[in-house]
Amino acid sequence: MGVEKKMSKPRFDVISIFPEYLAPLRLSLVGKAQENGLIEIGVRDLRDFAEGLHKSVDDTPYGGGAGMVMSPEPWARAIDEAAAGKEGSHELIILTPAGKKFDQGMAYELATKEHLIFACGRYEGIDYRVTEHYALQPDFTVREISIGDYVLNGGEVAALVILESIIRLIPGVIGNPASLDEESHSLVGEDEEQLVEYPSYTKPSEWRGLAVPSVLLSGNHGEIARWRAAQSEIRTKKLQK
Ligand code: 6GU
């Protein structure tokens, strides 16, 4: 057994002007993980941290240009409150199409952290001084993350994607952890080939005129393993075209 640092219960806080967008976190595996006490998730409405009659959270950009920029102070109040709810250090994840592209390696890394705070920006983004301010705090690590090369209206869907990919890696969340080893994009060495999964089939053995590859019905485990490895190679090569 390796020397593992005892993890306290991982906590995830999400800040958004559309907290209802995060409702799916109550469902399925992620919802179960909360019910079973494996993780904690908190969702905050940024508007609760805004002041004034209009509870405004944005303003026009300095230097001009289209759209609105999210004001720093409501963000800082919400982030400080989230941080105060959990001892230790905090990873502040700012969701932006200008961030580093999320991948399975990042999911593994973030799955070891005890407190992640997700800032879901909208409009033309969050005043950059929020990033700068928290980067200066010794108990914070700031990461700007994107989930891919396309533009979403806000970071909420990106937060859902990242949370799901991280939470399923937390010990105890998935019933059969062996399934984590075999799946596509499972972590391998830095320059090892990343293979996608082989195709899967279940009953019936014939369906709408299509038969399951006979090797899978053969009971020959060596042959099956070789067939699956070959299929993974073929599928991976097809993706590279
Ligand atoms: Cl994190 N945010 C937005 N608005 N668009 C994105 C994204 C994030 N990742 C990819 N596109």
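First listed ligand is number 1; within each ligand, the first listed atom is number 1. Predicted model only: the values in this text are computed from it and were never measured. Start at 1 with the first residue, then count along the sequence.
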* Asked: Is any side-chain N of the basic residue among K101 and D149 closer than 4.0 Å to the acidic one's carboxylate O?
  -> yes
* To do: Give the contacting part of A158 toward ligand 1: side chain, backbone, both or neither, where contact means a heavy-atom distance below 4.0 Å.
  => side chain
* Considering only NZ, NE, NH1 and NH2 on the basic side and carboxylate oxygens on the acidic side, decide whether D127 and R129 come within less than 4.0 Å. => yes
* Identify, by atom number and element, the atoms of ligand 1 in contact range of G148, meaning under 4.0 Å from any of its heavy atoms. => 9 (N), 10 (C), 11 (N)
* **Distance-minimising heavy-atom pair for I117 and A83** => CD1-N, 3.9 Å
* List the closest protein heavy-atom neighbour of atom 2 (N) of ligand 1: residue, atom name, distance to the nearest 0.1 Å. => P97 CD, 3.5 Å
* Asked: Should the proximity of D149 to ligand 1, defined as any heavy atom under 4.0 Å, be assigned to the side chain, the backbone, both, or neither?
  -> neither
* **E91 with R143: basic N within carboxylate O range, under 4.0 Å** => yes
* To do: If a pair satisfies ring-ring contact (aromatic ring centres under 6.0 Å, His included) and one of its residues is in residues 49-90, list it, with sequence neighbours excluded.
  => H90-H115, H90-F140
* **Subset of ligand 1 atoms that lie under 4.0 Å from at least one heavy atom of I147** => 9 (N), 10 (C)
* **Interfacing atoms of ligand 1 (cut-off 4.0 Å, heavy-atom, Y150)** => 6 (C), 10 (C), 11 (N)
What pairs of donor and acceptor atoms, side-chain ones from residues 221-230 against any protein atom, are under 3.5 angstrom apart with sequence neighbours left out?
none

* Asked: Side chains of K113 and S89: is there a donor and an acceptor less than 3.5 Å apart?
  -> no
* Considering only heavy atoms of S146, which atoms of ligand 1 have at least one such atom less than 4.0 Å away? -> 1 (Cl), 9 (N), 10 (C)
* Asked: Which ligand 1 atoms does I145 reach within 4.0 Å, using its non-hydrogen atoms?
  -> 1 (Cl)
* Asked: Out of L152, I162, L95, who gets a non-hydrogen atom closest to atom 4 (N) of ligand 1?
  -> L152
